[in-house]
Number of protein chains: 2
Amino acid sequence: MANIRDIAKHADVSVTTVSRVLNEHPYVSKEKRVRVHEAMKELGYLRNQQALTLSTGKTQRIVVILPYMDHPYYGFFVNGLAKAALEHNYRLVMWQTEYKLNEERQALDLLKHREVDGAIVLSHEMSFKEMETYRAYGPIAVATVGAPETISSIHVDHYASFISGIRVLQEHGYEEIGIILSRSHSPSSLARQQAYFDEVAHARQQWIWTGYLTSEDGIRLAETFLSQKERPRALFFSSDYVALGFLGEMQRRHIAIPEEVAMLGFDGHPIGHAFGLSTMLSPNEKIGRRLFETTLAEMNGAQPETHGMTVSYQVGTTL
Amino acid sequence: MANIRDIAKHADVSVTTVSRVLNEHPYVSKEKRVRVHEAMKELGYLRNQQALTLSTGKTQRIVVILPYMDHPYYGFFVNGLAKAALEHNYRLVMWQTEYKLNEERQALDLLKHREVDGAIVLSHEMSFKEMETYRAYGPIAVATVGAPETISSIHVDHYASFISGIRVLQEHGYEEIGIILSRSHSPSSLARQQAYFDEVAHARQQWIWTGYLTSEDGIRLAETFLSQKERPRALFFSSDYVALGFLGEMQRRHIAIPEEVAMLGFDGHPIGHAFGLSTMLSPNEKIGRRLFETTLAEMNGAQPETHGMTVSYQVGTTL
DNA sequence: GTATCTTCTGAAACGCGTTTCAGAGCAAGC
DNA sequence: GCTTGCTCTGAAACGCGTTTCAGAAGATAC
């Protein structure tokens, strides 16, 4: 495959001139520019991206770190990221961690080895303290709360969002409320619990169910929930998919929603809409976009930024 | 940041020796090996992946081309791909095309510019004829049918799968069957239509609904379906999400499933299970794995392969 | 007419790890 | 004692595009 030196020889110009033509530098005479273009066509020249990357030090790649690519929760984030990346001529390198700390480290090592220009972290086990040790090698943006100043954070304000969700439930007359969370120790779960205790007068520790991530978990939850003696009148889920699993199983058991138990989801997935799930709509695609744009801005010298986004109520029939 | 030459100087050995230590070449004396390791530690050496890539010509990256990353249909494929890639120390570069031919071209151009070692195409607008023009630059594997010999294909045998789905419907006593397809001109849709006409005695052109991709489309379909005078007794969907949208809307309208119309989905998404959707289980995660492994094998000199996978019936309550 | 720009060109160095090749030193084979 | 072979080492070339720097030629300024 022809390289820049072959082109130079063929067009009888210097390598520098060919490079200038490639980069549309103005100081090339029309005549030579034409000759170079012809040579490139004749030899079927294709610029070697690797060489460019080594030379400039810019990879035009960003690593995206998330637990599972097929978990619907991340779909909107990734979609926003993908669109923004495409627009700015960046490629996304996806790294699936399965919640393993070691995989997160490997993914961030790409930064150290200059395989990518930046990192976007949608979920992490790693402490921010450790994450900061990677910061010297490139910008990092997270979709979670609690990041230090050096790390950009574009996230859903889970505390405020849960407060507003609880208010929606209260406006519908529900006072005895339970909440369904994902991993119990994650910052978002902690914020949600805090909101729960701050805002719900009848809050009870045993009305917090943790460890529910998927629709299958939602199915399981139905059994657990129904076996409980004292049950809340409404459930606030932190994920639409868990809510849907629960809803499906309740339907199967012919238990009326919202008469027996009211439900409020979180995310706003279209599939929830089909089953009339009331939910808190989260601007995840927009967050994805902004995560990318923030990272890009940082690469161009901007300061890290922190921004919390809020959610809105989407009417359904489960309240 | 220290490079290999700095290490060489610091350890008072040649650059070659440092390279040998990095690559665990046996012909390095213990003494020098130790000196090199010490120098690397002292200077905080990090191997520059870019330089390695330029030097070896191997990127350890594969581009994955698909219309939308957040479409649940692709979730399992991508999951399988991601797991296999991780195991073999490859990175996945995701390219979202939104069904645009031009985006597919850009994605495959990565191959030409040596930005990736291979390409995996989960869905494409591009003709195989055009796709073959990229073949010279690296292995390509598709998840669709009809690929020429030069392009690997690991796919669901849509014809056989639709036949077996139709048989399931017939075994449940349904003769008047309609089918719901995605894009009408895609090879999979054509194969499905063929199976429909070959296997269903009462097949009718107006019982083929095309253009249904998402759960929102499924909701829309309910209206269209119900407004039709002569309706089939059963619907065979080519996507669980479309089926679920339809199912939700039918529930909202208090129309009994399967009494009014029986439903059979396709894919086997967990969320379908929650709502008792009968479906044809597709081994998409396995296909993802094999797509990667095939591509890897081709990079190591193996021939392209074609393999059709079959689906199995997953019992639900919508038949 | 001299000084100062502007335009255009190319040699060489740079980014950095790998590979090839030549050769030195030493041991085993016969 | 001489050949063969193995172990170890490093200089130089290679992959390939970009950038720096020096300089030539022509144009403009005053």
Side-chain angles (χ1 to χ4, degrees), chain A residues 1-37 39-40 43-61 89 109-117 137-138, chain B residues 1-37 39-40 43-61 89 109-117 137-138:
Chain A
M1 304 193 209
N3 65 30
I4 205 176
R5 275 159 242 264
D6 298 328
I7 303 300
K9 218 170 275 174
H10 201 260
D12 194 27
V13 297
S14 73
V15 170
T16 315
T17 298
V18 178
S19 176
R20 275 196 266 260
V21 171
L22 280 172
N23 293 289
E24 294 176 11
H25 190 287
Y27 287 176
V28 180
S29 66
K30 196 165 195 176
E31 186 215 333
K32 296 209 173 179
R33 195 194 319 279
V34 170
R35 285 225 305 272
V36 168
H37 276 130
M40 294 200 294
L43 301 186
Y45 174 72
L46 291 167
R47 198 201 217 135
N48 184 325
Q49 185 64 32
Q50 245 113 275
L52 204 164
T53 285
L54 173 61
S55 186
T56 61
K58 290 276 141 221
T59 65
Q60 297 287 113
R61 285 189 292 271
N89 196 30
D109 276 344
L110 297 193
L111 223 43
K112 285 194 177 178
H113 295 287
R114 281 104 129 196
E115 240 184 290
V116 296
D117 297 334
Y137 305 98
Chain B
M1 307 195 206
N3 64 31
I4 206 176
R5 274 157 242 265
D6 298 329
I7 303 301
K9 218 170 274 173
H10 201 259
D12 194 26
V13 297
S14 72
V15 170
T16 315
T17 299
V18 178
S19 175
R20 275 195 266 260
V21 171
L22 280 172
N23 293 289
E24 293 175 12
H25 189 287
Y27 287 175
V28 179
S29 67
K30 195 167 194 173
E31 186 215 334
K32 296 209 173 181
R33 196 195 319 279
V34 169
R35 284 223 307 272
V36 168
H37 275 131
M40 293 200 295
L43 301 185
Y45 175 72
L46 292 167
R47 199 201 218 137
N48 183 325
Q49 185 63 33
Q50 244 111 275
L52 206 164
T53 285
L54 174 61
S55 186
T56 61
K58 291 275 141 223
T59 64
Q60 296 288 112
R61 283 189 293 272
N89 196 30
D109 276 345
L110 298 193
L111 223 43
K112 285 195 177 179
H113 295 286
R114 282 105 133 192
E115 242 185 287
V116 296
D117 297 334
Y137 305 98

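Chain letters run A, B, ... following the sequence lines, proteins first, then strands; residues in each count from 1.
- The distance from the CZ atom of Arg114(A) to the CG atom of Asn48(B) is 4.5 Å, given to the nearest 0.5 Å.
- Every residue two or more places apart in sequence or in another chain that forms a side chain to side chain contact (heavy atoms under 4.5 Å, CB included) with Thr53(A) is listed here: Gln49(A), Thr59(A), Gln50(B).
- Gly57(B) and Asp117(B) make their closest contact through O-OD1, 4.1 Å (heavy atoms, listed as atom of the first residue, atom of the second, distance).
- Of all non-hydrogen atoms in Tyr45(A) and Ile4(A), the two that sit nearest each other are CE1-N, 3.8 Å.
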Mind running side-chain contact (heavy atoms from CB on, under 4.5 Å) on Leu22(B) and Met40(B) for me, showing each step along the way? CA-CA 10 Å; Leu22(B) 280 172; Met40(B) 293 200 295; 4.0 Å; yes
Check: protein-nucleotides 26-28 of chain D nitrogen or oxygen pairs below 3.5 Å:
none

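- Qualifying side chain to side chain contact (heavy atoms under 4.5 Å, CB included) partners for Arg33(A), counting only residues two or more places apart in sequence or in other chains: Val21(A), Val28(A), His37(A).
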Listed pairs under 3.5 Å, donor-acceptor, residues 6-14 of chain B side chains, sequence neighbours left out:
residue	atom	partner	partner atom	Å
Asp6(B)	OD2	Asn3(B)	N	3.0
Ser14(B)	OG	Thr16(B)	N	3.4
Ser14(B)	OG	Thr17(B)	N	3.2
Ser14(B)	OG	Thr17(B)	OG1	3.2

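- A heavy-atom distance below 4.0 Å to DNA chain C is reached by these residues of residues 26-34 of chain A, ordered by number: Pro26(A), Tyr27(A), Val28(A), Ser29(A), Lys32(A).
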Protein-to-nucleotide contact annotation, 5' to 3' order, nucleotides 15-25 of chain D [B base; S sugar-phosphate only; - none; under 4.0 Å, heavy atom]: BBBBBB-----
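- Put simply, the side chain of Leu52(A) does not reach to within 4.5 Å of the side chain of His113(B), judged on heavy atoms.
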